[in-house]
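Notes follow the structure.
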Amino acid sequence: MFSFTRVLIYIGLLILFIYTCSYGTWTWKKKNYFGAIIVFVLAVSIIALPVYTMLTRG
Amino acid sequence: MRNKIVFGKWEAVTVLINVICTKVFLNFPRKVAEDAGTAGWLMTIYVSILAFSAFFIISRLYARFEGKDLIDLGEHIGGSIGRILVGSIVISFLIYMASMYLREFGENMKVISLTASPLSFVIMFFAVGMVIAAYVGLEAIVRFQAIAVPIIATGFLIIIIAVLPIADFKNVTPILGTGAYDIFVSGFFRISIFSELLILFLLIPFLRTHDNFIKTGYTALGISSFFLITSAVVVLAVIDYPVTIESFLPIHRIATLINYGRFFQRIESVFVLIWVGAGLLYLSTAFFFIVYTFKKTFKLEYYKPLILPFAVLVYNLSFLPPNLMTAIQLETQYFRTWSWLVTFGMTIILLVMARFIKKPLQKRDEISLE
């Protein structure tokens with residue numbers, strides 16, 4: 001369940017999540033609020049979907 | 001800095017040929033045999049004529065909207081809401097298409113060549129290719145396809161010509177196969193075979209003129225129809241129906257039958273090479289347009305920060321079907337039945353609606369691809 005490979009994958013996903021959120025924050029500062037929200041939704045989905053896939057599909 | 005990217009008709013034609021015809025290497029010949037029996041080739045001719053007719057209508061309606069893609073049309077009709085609605089439909093369409101094909105390419109690769117490798121590992125190679133292609137950008141993707149597609153087409157034609165001596169064209173009879181209803185009524189929905197033509201409606205700003213758009217569309221449809229019809233006829237002629245519908249990858253199967261003396265055997269190695277090349281280019285194109293459409297729909301400044309998140313998304317979505325059969329079912333029974341509604345239906349509706357909007361068209365911006 002929590003093998004070394006999985007921990008590495010989770011860390012990678014977390015880094016990607018932060019990276020995507022930072023783009024969302026930058027977009028928010030550019031006053032593109034809707035675009036920023038969508039980027040945040042994308043950031044959440046790239047954490048949620050892989051976790052779901054790993055839990056259900058192994 | 002803003003990039004101004006324009007490319008020629010030939011580049012656009014090769015992109016479209018590749019995205020429309022890659023299914024030839026997957027399940028297309030088997031699917032048409034399942035649908036219409038020995039008349040699979042006739043059904044392919046029929047849907048090709050339908051696709052030409054639909055494109056004729058679309059090209060006529062597009063005359064007023066030179067240089068405008070579907071998202072621009074959505075914005076012209078409904079402002080931001082129209083843009084977001086149309087963009088979301090296009091993004092969903094492309095994500096579905098890319099994730100299903102990613103799974104199928106990975107599974108088929110595993111079946112043919114990498115039998116001992118884990119599926120996630122095989123799919124990772126395609127995903128990495130998609131990511132690299134998206135980073136280098138559209139210009140590199142289309143210019144590479146202008147070189148690669150003729151090579152892939154030559155490899156395909158070598159296989160087709162090499163199996164002709166063992167083809168028996170009596171196998172494509174009875175002409176009407178499982179019946180006229182299956183060909184002309186149920187077969188109507190198979191116009192979705194050409195649903196990748198949607199990419200052309202996103203390429204319009206890069207083609208500049210309406211004349212280029214028309215020539216690109218007709219040329220791509222003509223050459224793609226030729227490859228689709230040829231594959232259907234030859235597979236049905238080489239493999240007796242109903243054995244055709246049992247072939248997992250029909251073109252690979254006929255490639256294994258090639259045997260010219262001691263030295264020209266097992267030509268399927270050519271098949272693997274061209275198939276992987278075609279698959280990678282297909283996925284690269286689809287993936288690039290996912291991030292490009294997302295950027296354009298939500299008016300984001302850059303598309304490159306979206307590449308890795310979308311790669312993770314598409315990669316994981318490709319694992320949602322529990323097995324290959326479900327993935328094939330999702331593609332053939334749903335996508336290949338209803339995707340015409342997006343490519344042809346939505347485009348025609350948008351163009352008809354846009355004709356009734358009296359406001360002047362917005363001036364074309366330079367295309368930013370950063």
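Per chain, numbering begins at 1; letters A, B, ... match sequence-line order. Note that the structure is predicted; figures quoted are calculated from it, not measured.
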Is it true that atom [atom1] of [X] has more than 12 heavy atoms of other residues, nucleotides or ligands lying nearer than 6.0 Å?
X      : atom1 : value
B:Y135 : OH    : yes
B:F144 : CZ    : no
B:F125 : CZ    : no
B:I81  : CD1   : no

**Report entry** side chain to side chain donor-acceptor pair (under 3.5 Å) involving B:R83 - partner list, sequence neighbours excluded
**Finding:**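 Only B:E75 meet the side chain to side chain donor-acceptor pair (under 3.5 Å) criterion with B:R83.
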Which of residues 42-49 of chain A get closer than 4.5 angstrom to chain B, counting heavy atoms alone?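 Listed by number: A:L42, A:S45, A:I46, A:L49.
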| query | By number, which residues in residues 28-37 of chain A have some heavy atom less than 4.5 Å away from chain B? | reply |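 Interface residues of residues 28-37 of chain A: A:N32, A:F34, A:G35.
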Point-to-point distance, once rounded to the nearest 0.5 Å, from [atom1] of [X] to [atom2] of [Y]:
X     : Y      : atom1 : atom2 : answer
A:T53 : B:N316 : OG1   : CG    : 4.0 Å
A:Y23 : B:E301 : OH    : CD    : 7.0 Å
A:I38 : B:I84  : CD1   : CD1   : 7.5 Å
A:T56 : B:F319 : OG1   : CZ    : 11.5 Å

| message | Is B:L317 in contact with chain A via its backbone, its side chain, both, or neither, using a 4.5 Å heavy-atom distance? | response |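 For B:L317, backbone and side chain are both near chain A.
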Note to self: Between B:P321 and chain A, with a heavy-atom cut-off of 4.5 Å, which part of the residue counts as in contact: side chain, backbone, both or neither?
What the structure shows: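 Contact with chain A is through the backbone of B:P321 alone.
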Heavy-atom pairs under 4.5 Å with chain A are the metric here; pick the option from B:L300, B:L308, B:L306, B:T297 that has the most.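 Top option by heavy-atom pairs under 4.5 Å: B:L300.
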Heavy-atom contact with chain B under 4.5 Å, split by part of A:F17 |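 For A:F17, neither part sits under 4.5 Å from chain B.
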Which heavy atom of B:P309 sits nearest to which heavy atom of A:T20, and what is that distance?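 The answer is CG-OG1, 3.2 Å.
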| Is a side-chain donor or acceptor of B:Y315 paired with a backbone partner of A:P50 at a separation under 3.5 angstrom? |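 Side chain of B:Y315 to backbone of A:P50, a donor-acceptor pair under 3.5 Å: no, none is there.
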Would you list the pairs meeting side chain to side chain donor-acceptor pair (under 3.5 Å) in which at least one residue belongs to residues 84-102 of chain B, sequence neighbours left out?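 Residue pairs passing side chain to side chain donor-acceptor pair (under 3.5 Å), neighbours aside: B:Y101-B:E331, B:Y101-B:R336.
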